[in-house]
Undergrad: 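The structure's right below; bear with me while I get my questions together.
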Amino acid sequence: MSAGDSSRSIGRLFPEILLHISRKLIESGGTNQRPIPFILSEVCVRWRELVLATPSLWTRIRIPYDFTHMVDEFNDPTPRIDPDTFLPVIEPFPEVVRYIRLMIQRSDSLPLVIHFRCLHNYPFSTPVFQVLLDHIHRWGKFYFAGGNVFQMFRGREAPVLRVFDYDTQDARRAQEFPFMSCPSLTQLRWPWPEVLPVPNRSISWKKLHSVRFPKISPSSAYKLLECAPELLHLDCSLDGPDFYPSRFVTHAKLQRLNLHYTWLPSLILPHLSHLDVHFSDRFGLPEFFSRSGCMLQRLKISDIRRADHLSSILCSQSCSSLTELSIDSFTVFLSNELLAELTYTSDTSNVLCPNLKFLFVSNSCSTRGLFGHMIESRFVNSNSCLDHFEYQDGGMGVGVQSRHMGQIYSGEVYTGLWKDDVDMIFAIPNVNIRYTNMWLSVRRDKTGNGSIERC
């Protein structure tokens, strides 16, 4: 097919298909010399008419990644003494302001989706941001990524803002919450919850679906659950004195919880399906599972060392529905009994985690041959669902090799896969294996070929 035939074929596409392609291009990310709608509008007359007649194609504004010549300046982390030192950096780019004004104009009155990344200390004092700030009443989603900000925009009302995601590499300098009112907010990421008391008038807490606080006191976290009955996703790290409520706190709708400490002993979460928990062994996950009656799809456990605790967790009824399991710790002790319960045999009725599709383990300690046999059975048995297994061990030194399990050296327990286990895994048929000195990945090959590749 010639280039002319190809152009005519594209020209015959239905408008709905062209719009779908355009939206996918705009959402694809990457770095562009200009925003993609401007590029699409120059392809031909038909495309220009279509793009200009579709306001939704103009709502996504990405700074600086839609202007390649600005990327280095905005990502330069050089400290600035005051806002004026940043203005000479921005002044050579007046066309950027013009492009943004055109996009705001052509998006009609639709909510804007803004991605703004700047590592300078005064990102909100730039002429570029001021144009956006003039239309804050139209912000629908605002994603910020930056460094140590010295001056925040303040006292603004954002009536249609649904997503406010503030990601900073340096949270030492706390900032006031910039909005007087954002009544439509459903998703919040904010590094300084101490300046955002729960509840308060800025946010309609009853509407929140997703909250991410890097650090929050236990007492404020409990208040958050009580004030946000529609919350589906909570990601937080507890910081501050322990707080033990006088009663169990039940949240009827929370589905995803990422917890960098633990307060599970006081919670009941019947609809929890995804749990990422970083904790020490003294907290009782099995008791929490029994009390909540939840059925998990994903479980990620970090910093668990006792084999009996891991076994009691995985034997919980809440884990029988797991499709993803990650066990990540400095040392993961896998008992013979647990490995036997995870291994497929001729009798598959009592195998643990029968729906598992993904398994990740790091730094394991186990009896020679049992771990490899368990992994092999998960790929070979016709009743197993496992599609992907990963293993990682930063302490293996020169790679996956034989270790004397349990030998103490410099106060640490050696970890690593036995050579027998590695040989069993490498011999699994119909899988694609990739490995390095410290990492091993096994994926089911549905074409029936299989391969082994050292990366």
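Each residue takes its place number in the sequence, starting with 1. Here the structure is a predicted model, which is why all the values come from computation and not from measurement. Side chains included, hydrogens not; waters and symmetry mates left out as well; all remaining heavy atoms used.
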Undergrad: Determine, using ring centers only, whether Phe153 and Phe179 are less than 6.0 Å apart.
TA: yes
Undergrad: Mark yes when over 12 heavy atoms from residues, nucleotides or ligands other than Met180 sit less than 6.0 Å from its CE; otherwise mark no.
TA: no
Undergrad: Do the side chain of Ser292 and the main chain of Pro270 share a donor and acceptor less than 3.5 angstrom apart?
TA: no
Undergrad: Is the closest side-chain donor-acceptor distance between Thr323 and Asn355 under 3.5 Å?
TA: no
Undergrad: Would you check if there is a donor-acceptor pair between the side chains of His251 and Glu230 at a distance under 3.5 Å?
TA: no
Undergrad: Can you measure from CG (Leu342) to CE (Met374) and round to the nearest 0.5 angstrom?
TA: 5.5 Å
Undergrad: Thinking salt bridges, do Arg34 and Glu42 make one under a 4.0 Å N-O criterion?
TA: yes
Undergrad: Is there a side-chain contact between Phe426 and Leu440 in this structure, where contact means two heavy atoms from C-beta onward sitting under 4.5 Å apart?
TA: yes
Undergrad: Show the numbers, then the answer: is there a side chain to side chain donor-acceptor pair (under 3.5 Å) between His388 and Glu324?
TA: CA-CA 10 Å; His388 186 193; Glu324 297 182 33; over 6 Å; no
Undergrad: Side chains of Ser217 and Ser220: is there a donor and an acceptor less than 3.5 Å apart?
TA: yes
Undergrad: For Pro183, is there any backbone N or O sitting under 3.5 Å from a side-chain donor or acceptor partner on Lys207?
TA: yes
Undergrad: Would you say Ser316's side chain and Ile313's backbone share a donor-acceptor pair under 3.5 angstrom?
TA: yes
Undergrad: CG/Asp235 to CG/Leu259 distance, rounded to the nearest 0.5 angstrom?
TA: 9.0 Å
Undergrad: For a quick test of reading the model, state the closest non-hydrogen atom pair linking Met295 to Ser320 and the distance between them.
TA: CE-OG, 3.5 Å
Undergrad: So Leu257 and Asp276, do their side chains get closer than 4.5 Å, heavy atoms only?
TA: no
Undergrad: Would you say CZ of Arg256 has more than 12 non-hydrogen atoms from neighbouring residues, nucleotides or ligands within 6.0 angstrom?
TA: no
Undergrad: Please name the pair of heavy atoms, one in Leu208 and one in Gln187, separated by the smallest distance, quoted to 0.1 Å.
TA: CD2-N, 4.2 Å
Undergrad: Tell me, with the steps shown, if Leu234 and Leu225 meet side-chain contact (heavy atoms from CB on, under 4.5 Å).
TA: CA-CA 9 Å; Leu234 176 60; Leu225 287 181; 4.1 Å; yes
Undergrad: Are Ile61 and His115 packed together at the side-chain level, in the sense that at least one heavy-atom pair is separated by less than 4.5 angstrom?
TA: no
Undergrad: Among residues two or more places apart or on two chains, list those pairs meeting side chain to side chain donor-acceptor pair (under 3.5 Å) that have a residue in residues 129-147.
TA: Ser107-Arg138
Undergrad: Search all heavy atoms of Ser56 against all heavy atoms of Arg23 and return the closest pair with its distance.
TA: OG-NH2, 3.3 Å
Undergrad: Under 6.0 Å between ring centres: does that hold for Tyr391 and Phe360?
TA: no
Undergrad: Just wondering, do Leu188 and Leu185 contact through their side chains at under 4.5 Å, heavy atoms?
TA: yes
Undergrad: For residues Leu254 and Leu232, determine if any side-chain heavy atom of one lies less than 4.5 Å from a side-chain heavy atom of the other.
TA: no
Undergrad: Keeping the roles fixed (side chain from Ser318, backbone from Cys294), state whether a donor-acceptor pair exists under 3.5 Å.
TA: yes
Undergrad: Ignoring hydrogens and geometry, is there a side-chain-to-backbone donor-acceptor pair from Ser28 to Leu25 under 3.5 Å?
TA: yes
Undergrad: Check step by step if side-chain contact (heavy atoms from CB on, under 4.5 Å) holds for Ile63 and Asp66.
TA: CA-CA 6 Å; Ile63 299 172; Asp66 272 343; over 6 Å; no
Undergrad: Heavy atoms only: give me the nearest Lys215-Pro193 pair and the separation to one decimal.
TA: O-CG, 2.6 Å
Undergrad: Quick check against the 3.5 Å criterion: does Ser184 have a side-chain atom that pairs as donor or acceptor with the backbone of Pro159?
TA: yes
Undergrad: Go through it in stages, so that I can follow the logic: the residues are Tyr435 and Ile452, the test is side-chain contact (heavy atoms from CB on, under 4.5 Å), and I'd like the CA-CA distance, side-chain angles, deciding distance and then a yes or no.
TA: CA-CA 8 Å; Tyr435 69 99; Ile452 300 178; 3.8 Å; yes
Undergrad: Name the orientation class of the two ring planes belonging to Phe129 and Phe124 (parallel below 30°, tilted from 30 to 60°, perpendicular beyond 60°).
TA: tilted
Undergrad: Can you establish whether the number of heavy atoms outside His271 located under 6.0 Å from its atom NE2 is more than 12?
TA: no
Undergrad: Measure the shortest side-chain to side-chain distance between Phe289 and Leu296 over non-hydrogen atoms and say whether it is less than 4.5 angstrom.
TA: yes
Undergrad: What distance do Ile203 atom CD1 and Cys227 atom SG have between them, rounded to the nearest 0.5 Å?
TA: 11.0 Å
Undergrad: Arg247: which residues meet the salt bridge (Lys or Arg N to Asp or Glu O under 4.0 Å) condition with it, sequence neighbours left out?
TA: Glu226
Undergrad: Side chains of Thr126 and Phe116: closer than 4.5 Å at any heavy-atom pair?
TA: yes
Undergrad: To the nearest 0.5 Å, tell me how far Leu112 CG sits from Leu110 CG.
TA: 8.5 Å
Undergrad: Starting at CD of Gln255, measure out to CG of Leu275 and round the result to the nearest 0.5 Å.
TA: 13.5 Å
Undergrad: Could you tell me whether Asp165 and Arg189 make a salt bridge, using a distance below 4.0 angstrom between a side-chain N and a carboxylate O?
TA: yes
Undergrad: Of all the heavy-atom pairs spanning Thr54 and Trp58, show the shortest one and how long it is.
TA: O-CD1, 3.4 Å
Undergrad: Among Phe213, Phe177, Phe142, find the one that has a ring-ring contact (aromatic ring centres under 6.0 Å, His included) with Trp190.
TA: Phe177
Undergrad: With distance as the sole criterion, is a donor-acceptor pair present between the side chains of Ser362 and Asp328 under 3.5 Å?
TA: yes
Undergrad: Looking only at non-hydrogen atoms, find the nearest pair between Arg156 and Ile136 and report the distance.
TA: CB-CD1, 3.4 Å
Undergrad: Taking NZ, NE, NH1 and NH2 as the nitrogens, is one of them in Lys357 or Asp387 under 4.0 Å from a carboxylate oxygen of the other?
TA: no
Undergrad: Does a sphere of radius 6.0 Å around CZ in Arg434 hold more than 12 heavy atoms from other residues, nucleotides or ligands, not counting ones at 6.0 Å or beyond?
TA: no
Undergrad: Could you walk me through whether Asp167 and Arg117 pass salt bridge (Lys or Arg N to Asp or Glu O under 4.0 Å), step by step?
TA: CA-CA 9 Å; Asp167 182 16; Arg117 174 183 171 86; over 6 Å; no
Undergrad: Has Gln33 got more than 12 heavy atoms of other residues, nucleotides or ligands less than 6.0 Å from its CD?
TA: no
Undergrad: Go through it in stages, so that I can follow the logic: the residues are Thr436 and Arg454, the test is side-chain contact (heavy atoms from CB on, under 4.5 Å), and I'd like the CA-CA distance, side-chain angles, deciding distance and then a yes or no.
TA: CA-CA 6 Å; Thr436 66; Arg454 183 182 177 91; over 6 Å; no
Undergrad: Quick one: are the ring centres of Phe379 and Phe389 less than 6.0 Å apart?
TA: no
Undergrad: So how far is it from Leu386 CG to Asn381 CG, rounded to the nearest 0.5 Å?
TA: 11.5 Å
Undergrad: A side-chain contact here means heavy atoms from C-beta on lying under 4.5 Å apart; do Asn32 and Arg62 qualify?
TA: yes
Undergrad: Can you check whether Lys300's main-chain N or O pairs, donor with acceptor, with Ser326's side chain at less than 3.5 Å?
TA: no
Undergrad: Examine the side chains of Asp445 and Asn430 and answer whether a donor and an acceptor come within less than 3.5 Å of each other.
TA: no
